[in-house]
Amino acid sequence: MILDFLLPYLREVHTAYQAYVATTSTPVLILTAIGGLIFTALLWAQIEQRLLKDPHAPPVVPYLFPFFGSMITFGMDPLAFFRNNQARYGDCYTFLVFGRRMTACLGPEGNNFFFNAKLAHVSAEEAYKHLTVPVFGKGVVYDVDNSILMEQKRFMKNSLSNDNLRAYVPMIVDETETYIQRWAEKSGSVDVVQSVAELVTLTASRTLFGEEIRSQLDEKIADLYHDLDNGFTPLNFLFENLPLESYRKRDAAHIALKSIYLDILKNRSESSTPSQGVDIINHLMTCTYKNGQVLSHYEIASIMIALLMAGQHTSSATTAWALLYMAEQPELIDQLREEQIQVLGSLDAPLTFDAIKQMPVLDNLVTEVLRLRPPIIEIIRKVVKPVEFPGSGYVIPVGDFIMASPAITQTDPKIYRDPLRFNPARWFEDAKKESAASIGTEADDVDYGFGVLRTTSARSPYLPFGAGRHRCIGEPFAYLQVKTILATLVRHFDFKLTAKGMPAADYTKMFILPQTPAMIEYIKRQ
Ligand code: HEM
């Protein structure tokens with residue numbers, strides 16, 4: 001019936017369409033088709049947002065185009081995006097990025113909700129596995145049940161014991177002093193991002209990754225690191241596999257680095273004279289799961305790659321920003337030197353683990369860098385069971401990703417005075433180091449399997465190392481590595497910014513480094 005009624009009209013539309021096609025030039029036809037597609041996309045985006053919206057879900061940041069959503073505004077400056085929309089919608093809102101619904105969880109409540117969310121509700125494994133397995137390998141971190149990851153984190157954490165850290169200080173000093181010999185005699189300029197990345201790789205390899213890795217670093221391993229690194233980008237987060245050169249190189253580098261580690265492990269375990277190294281490999285070779293099973297060589301090799309990826313850019317970003325701020329505020333450099341003289345008697349006395357612990361100016365400098373320039377500004381989980389954002393009535397549906405950004409509380413003017421100013425002295429003055437462990441009581445303590453944590457610490461506004469079951473285990477090493485490099489550099493150089501000034505942040509990477517080239521001038525001290 002309806003078809004009989006519609007048929008004449010459809011025929012007329014068809015005839016008009018044929019007449020239009022016959023009388024219109026090809027470019028105009030193409031433009032009309034594109035216009036039609038854009039119109040349909042715009043219409044669909046409105047239908048999606050107005051008619052298909054879930055009344056219980058958090059508010060959605062309006063967007064013009066479906067699928068792409070807020071991709072451009074978010075990608076250009078995620079922190080500005082978070083702040084602007086927090087002012088409009090509060091601590092919990094959803095936005096669309098490349099077909100994925102992301103729900104921001106901001107403020108102390110958002111941090112607490114995110115980091116203490118139950119395993120039954122949200123999963124880091126579901127959010128990250130496709131990114132990490134091709135790089136780290138199978139059987140570790142996000143490719144295992146969360147209880148196994150907690151055990152693996154215990155192994156990693158225990159390998160960073162105070163005794164090992166104590167032994168690392170002279171090694172880091174030595175690597176740094178050898179490295180700076182390549183700089184000019186009196187003065188010059190360097191791209192701080194590149195130099196620091198090299199220094200962090202050298203110092204981490206010398207301390208954590210073993211002498212075999214360190215000795216091969218200048219030859220092929222640096223290239224393998226580079227190729228693996230290019231497989232750990234936002235593009236890899238969006239697509240596990242693409243027919244691109246960077247993906248092929250990532251896979252080849254993974255296989256090559258894995259086999260280097262497997263050879264090292266084989267040699268060490270077969271050697272009649274056990275390695276005395278204080279690196280992580282030796283520690284992991286002694287580790288046993290609760291069920292009595294020892295870590296396999298394959299697992300150890302995968303963990304080593306995971307640690308490399310977790311520590312390289314985070315420590316590099318922290319050191320690079322620290323040097324830039326020191327170059328911007330040279331009085332900080334004087335203060336750092338005075339502090340060393342106070343603690344050690346002179347700038348010639350060897351730096352030690354215990355001496356570095358007594359240097360609050362240095363400590364506050366790193367703490368302030370991590371407040372203002374935390375290397376990780378988006379932490380993600382996938383929702384696997386509907387979960388309510390506390391006190392809002394919003395239910396975040398299955399399939400959404402939730403995203404925390406402690407960088408927002410760390411720069412909140414309600415919490416930190418003049419929050420966008422780099423001011424390490426604030427940690428002496430108004431804010432008092434907000435020790436996450438001091439929030440709550442012992443009754444709030446929990447051990448997920450890698451040491452006791454205070455659950456309430458997730459309410460702290462200062463969380464550059466995260467909180468909860470996925471909290472960083474690398475913090476003591478990262479602090480020590482960054483501080484030892486900085487303390488060594490100020491013994492030899494003064495720094496100042498070039499005429500280009502302070503670089504902006506590069507938001508195109510997974511870890512937030514300064515945009516390159518990030519040049520600073522160094523002047524060798526007499
Ligand atoms: C986890 C930050 C250095 C190893 C994390 C997390 C953050 C973080 C925010 C939580 C991720 C999440 O919740 O999904 C940092 C910063 C560093 C640093 C700012 C330096 C300044 C290191 C180093 C290592 C390391 C040097 C190893 C030697 C890890 C590991 C995890 C982790 C194993 C656990 C991942 C998980 O449980 O899902 N880090 N990190 N990190 N970090 Fe670090």
Side-chain angles (χ1 to χ4, degrees), residues 105 111 114-117 119 122-129 131-132 136 140-144 146-161 164-165 168 172 196 200-201 203-205 207-209 237 279-280 283-284 302-322 365-382 401-407 410 436 448-451 453 458 460 462-483 485-486 510-513:
C105 304
N111 288 346
F114 181 95
F115 288 114
N116 282 330
L119 269 186
V122 308
S123 159
E125 291 76 8
E126 290 295 317
Y128 292 136
K129 192 172 155 176
L131 169 75
T132 55
F136 306 169
V140 296
V141 189
Y142 303 123
D143 189 46
V144 286
N146 192 267
S147 61
I148 305 287
L149 169 60
M150 297 302 112
E151 288 205 63
Q152 293 177 345
K153 285 180 72 171
R154 174 163 49 88
F155 303 148
M156 302 180 211
K157 189 177 173 196
N158 290 347
S159 70
L160 303 172
S161 64
N164 282 0
L165 295 182
Y168 293 161
I172 298 173
V196 160
V200 166
T201 310
T203 51
S205 303
T207 52
L208 303 181
F209 302 132
F237 176 75
D279 55 58
I280 300 188
H283 176 79
L284 293 179
S302 304
I303 289 177
M304 295 310 293
I305 300 178
L307 289 175
L308 168 76
M309 301 312 284
Q312 172 66 26
H313 293 299
T314 44
S315 290
S316 292
T318 311
T319 316
W321 284 115
L365 179 94
V366 179
T367 303
E368 180 69 345
V369 172
L370 290 169
R371 182 191 68 79
L372 191 51
R373 298 292 188 182
I376 300 179
I377 60 166
E378 296 151 22
I379 307 175
I380 303 173
R381 309 278 185 259
K382 191 164 185 181
F401 291 86
I402 53 171
M403 195 181 256
S405 184
Q410 289 176 197
Y448 294 108
F450 59 95
L453 285 178
S460 164
Y462 182 80
L463 292 173
F465 294 96
R469 64 177 63 245
H470 291 284
R471 194 195 189 285
C472 186
I473 49 84
E475 176 179 353
F477 175 79
Y479 254 84
L480 187 79
Q481 181 186 32
V482 174
K483 287 201 267 188
I485 291 175
L486 296 177
M510 302 281 281
F511 303 92
I512 310 305
L513 284 135

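Every number for a ligand or one of its atoms is a count from 1 in the order of the listing.
- Counting heavy atoms closer than 4.0 Å to ligand 1, residue Glu475 contributes nothing at all.
- For the ligand labelled ligand 1, residue Ala124 lies outside the 4.0 Å heavy-atom shell.
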Query raised in the report: For Lys157 and Arg154, what are the C-alpha separation, side-chain angles and deciding distance, and is it a side chain to side chain contact (heavy atoms under 4.5 Å, CB included)?
Result: CA-CA 5 Å; Lys157 189 177 173 196; Arg154 174 163 49 88; 5.8 Å; no
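- Within ligand 1, counting atoms from 1 as listed, the ones closer than 4.0 Å to a heavy atom of Ile379 are 9 (C), 12 (C), 13 (O), 14 (O).
- Under the 30°/60° scheme for interplanar angles, the aromatic rings of Tyr168 and Phe477 are found to stand perpendicular.
- Atom CG in Asn164 sits 9.0 Å away from atom CG in Leu208 (nearest 0.5 Å).
- Not a single heavy atom of Tyr479 lies less than 4.0 angstrom from ligand 1.
- Nearest protein heavy-atom neighbour of atom 37 (O) of ligand 1: Lys153 NZ, 2.7 Å.
- Of all protein heavy atoms, the one lying nearest to atom 3 (C) of ligand 1 is Thr314 OG1, 3.4 Å.
- In this structure, CZ in Arg471 is found 7.0 Å from CZ in Phe465, a value given to the nearest 0.5 Å.
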Query raised in the report: Between Leu149 and Phe450, is a side chain to side chain contact (heavy atoms under 4.5 Å, CB included) present by the stated rule, with each step listed?
Result: CA-CA 9 Å; Leu149 169 60; Phe450 59 95; over 6 Å; no
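- For atom 4 (C) of ligand 1, the nearest non-hydrogen atom from the set Ala127, Gly466, Ala310, Pro406 comes from Ala310.
- Taking CZ from Phe209 and CG from Leu307, the interatomic distance works out to 6.0 Å, rounded to the nearest 0.5 Å.
- In terms of polar-atom proximity, Ser315 is not counted as a contact of ligand 1, lacking any N or O under 3.5 Å from an N or O of the ligand.
- With respect to atom 30 (C) of ligand 1, the closest heavy atom belonging to the protein is Ile473 CG1, 4.0 Å.
- Only side-chain heavy atoms of Met156 come within less than 4.0 Å of ligand 1; its backbone N, CA, C and O stay farther off.
- In this structure, CG on Leu119 lies 10.0 Å from CZ on Arg381, to the nearest 0.5 angstrom.
- Ligand 1 has an N or O atom lying under 3.5 Å from an N or O atom of His470, backbone or side chain.
- Of all protein heavy atoms, the one closest to atom 24 (C) of ligand 1 is Gly474 CA, 3.5 Å.
- Atoms CE and CE, on Met304 and Met156 in that order, are 10.0 Å from each other to the nearest 0.5 Å.
- Atom 27 (C) of ligand 1 has its closest protein heavy atom at Leu307 CD2, 3.6 Å.
- Atom 40 (N) of ligand 1 has its closest protein heavy atom at Cys472 SG, 3.2 Å.
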Report task. Just do the side chain to side chain contact (heavy atoms under 4.5 Å, CB included) check on Val366 and Thr318 with the steps written out, would you? Result -> CA-CA 7 Å; Val366 179; Thr318 311; 4.1 Å; yes
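- Looking at Phe465, Phe450, Phe511, Phe115, it is Phe465 that brings a heavy atom closest to atom 7 (C) of ligand 1.
- Contact annotation: Arg381 has at least one heavy atom less than 4.0 Å from an atom of ligand 1.
- Considering only non-hydrogen protein atoms, atom 2 (C) of ligand 1 sits nearest to Pro464 O, 3.4 Å.
- The closest approach between Pro375 and ligand 1 falls below 4.0 Å for a heavy atom of the residue.
- The residue among Ile376, Thr132, Leu480 with a heavy atom at the shortest distance from atom 8 (C) of ligand 1 is Ile376.
- The contact set between ligand 1 and Tyr128, taken as ligand atoms under 4.0 Å from a residue heavy atom, comprises 14 (O).
- Donor-acceptor pairing under 3.5 Å is recorded for the side chains of Thr367 and Tyr479.
- Counted by atom type alone, Glu378 and Ser405 present zero donor-acceptor pairs between their side chains at under 3.5 Å.
- Residue His470 is tested with Tyr142, Tyr448, Tyr128 for a side chain to side chain contact (heavy atoms under 4.5 Å, CB included); the sole match is Tyr142.
- Among the atoms of Tyr142, some N or O lies under 3.5 angstrom from an N or O of ligand 1.
- In this structure, CD on Gln481 lies 7.5 Å from OG on Ser316, to the nearest 0.5 angstrom.
- Protein heavy atom at the shortest distance from atom 21 (C) of ligand 1 is Thr318 OG1, 3.4 Å.
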